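All figures in this text were calculated on a predicted structure; none of them were measured in a lab. Numbers here are sequence positions counted from 1.
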Amino acid sequence: MDYYAMVEEAWQLSDTARDYVKNAGREVDNTELWEKVFASSPLIDLERTRAEGGQPLQKIFFKNPYGLQYRADHKDWIPFRHGALDPAYLQVI
């Protein structure tokens, strides 16, 4: 497992959401971002996000140990870890 790559995927999806808002040129709520950006991503654990993501949506869970959480003060989404990492896959540099 490449945990670094998983975090990078989370940042890429965060950037996609940021670009969507920038290109919209208006206020975009999290429901619209969910429908237009997040829900179609193969990374997303749809069931868990719907069950635990909050109303309004505050957390998006990936199928891997990562996800995105909403920062209201910055109006953006940043990666967070919601699951355990397997030490067998961690490399010490």
Side-chain angles (χ1 to χ4, degrees):
M1 291 188 171
D2 187 348
Y3 293 118
Y4 180 79
M6 291 177 195
V7 172
E8 284 299 310
E9 289 176 328
W11 277 116
Q12 288 172 1
L13 192 55
S14 172
D15 289 343
T16 300
R18 189 175 294 106
D19 290 344
Y20 182 89
V21 171
K22 181 179 173 184
N23 292 332
R26 59 181 167 75
E27 280 287 317
V28 176
D29 66 16
N30 289 346
T31 301
E32 182 177 344
L33 281 174
W34 172 253
E35 293 169 357
K36 302 291 185 179
V37 177
F38 298 128
S40 62
S41 172
L43 297 172
I44 305 299
D45 182 336
L46 295 173
E47 290 180 24
R48 184 167 183 192
T49 298
R50 287 183 181 130
E52 300 177 34
Q55 290 296 329
L57 188 63
Q58 297 294 310
K59 289 188 175 185
I60 297 172
F61 295 89
F62 289 8
K63 295 172 185 171
N64 63 44
Y66 295 96
L68 294 173
Q69 64 184 5
Y70 185 67
R71 293 190 305 177
D73 56 336
H74 289 85
K75 295 185 179 182
D76 67 358
W77 292 86
I78 60 167
F80 80 104
R81 187 177 59 138
H82 62 79
L85 302 180
D86 185 343
Y89 292 103
L90 299 175
Q91 295 180 353
V92 177
I93 299 175

Once salt bridge (charged side-chain N to carboxylate O under 4.0 Å, His left out) is applied, what residue pairs with a partner in [range] remain, sequence neighbours excluded?
| range | value |
| --- | --- |
| residues 38-55 | Arg48-Glu52 |
| residues 11-24 | Asp15-Arg18, Arg18-Asp76 |
| residues 27-40 | Arg26-Glu32, Glu27-Lys75 |

>> Working note: Leu13 + Ile44, criterion side chain to side chain contact (heavy atoms under 4.5 Å, CB included); need CA distance, chi angles, decisive distance, verdict.
In response: CA-CA 10 Å; Leu13 192 55; Ile44 305 299; 3.9 Å; yes
> Looking only at heavy atoms, which two atoms of Phe62 and Gly67 are closest? And how far apart?
Replying inline: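 Taking Phe62 first and Gly67 second, the nearest heavy atoms are CD1-CA, 3.7 Å.
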> Out of curiosity, Tyr70 OH to Leu68 CG, how far, rounded to the nearest 0.5 Å?
Replying inline: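 Going from OH on Tyr70 over to CG on Leu68, the span is 13.0 Å.
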>> I need the Leu43 CG to Met6 CE distance, nearest 0.5 Å.
In response: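 Reported to 0.5 Å precision, the distance equals 10.0 Å.
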> Does Phe61 have any ring pair (Phe, Tyr, Trp, His ring centres under 6.0 Å) partners at least two apart in sequence or in another chain, and if so, which?
Replying inline: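 Ring pair (Phe, Tyr, Trp, His ring centres under 6.0 Å) check on Phe61 returns Phe80, His82.
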> Which residues satisfy the side-chain contact (heavy atoms from CB on, under 4.5 Å) test with Val21, sequence neighbours excluded?
Replying inline: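 Expected list: Val28, Leu33.
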>> Less than 4.5 Å apart, side chain to side chain, heavy atoms only: is that true for Glu9 and Asn64?
In response: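 The answer is yes, as the side chains (C-beta and beyond) meet within the 4.5 Å cut-off.
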> Does the side chain of Lys59 reach to within under 4.5 Å of the side chain of Thr49, using non-hydrogen atoms?
Replying inline: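 They are not in contact (no side-chain heavy atoms under 4.5 Å apart), so the answer is no.
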> Tell me the ring-ring contact (aromatic ring centres under 6.0 Å, His included) pairs involving residues 18-39, sequence neighbours left out?
Replying inline: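 Pairs touching residues 18-39 that pass the test: Phe38-Trp77.
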>> List the residues meeting side chain to side chain donor-acceptor pair (under 3.5 Å) with Gln58, not counting sequence neighbours, and say none if there are none.
In response: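 For Gln58 there are no side chain to side chain donor-acceptor pair (under 3.5 Å) partners, ignoring immediate neighbours.
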>> Using only atom types and a distance under 3.5 Å, with no angle test, would you say the side chain of Ser14 pairs donor to acceptor with the backbone of Ala10?
In response: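 No, the answer is negative, given that no donor and acceptor are paired below the 3.5 Å cut-off.
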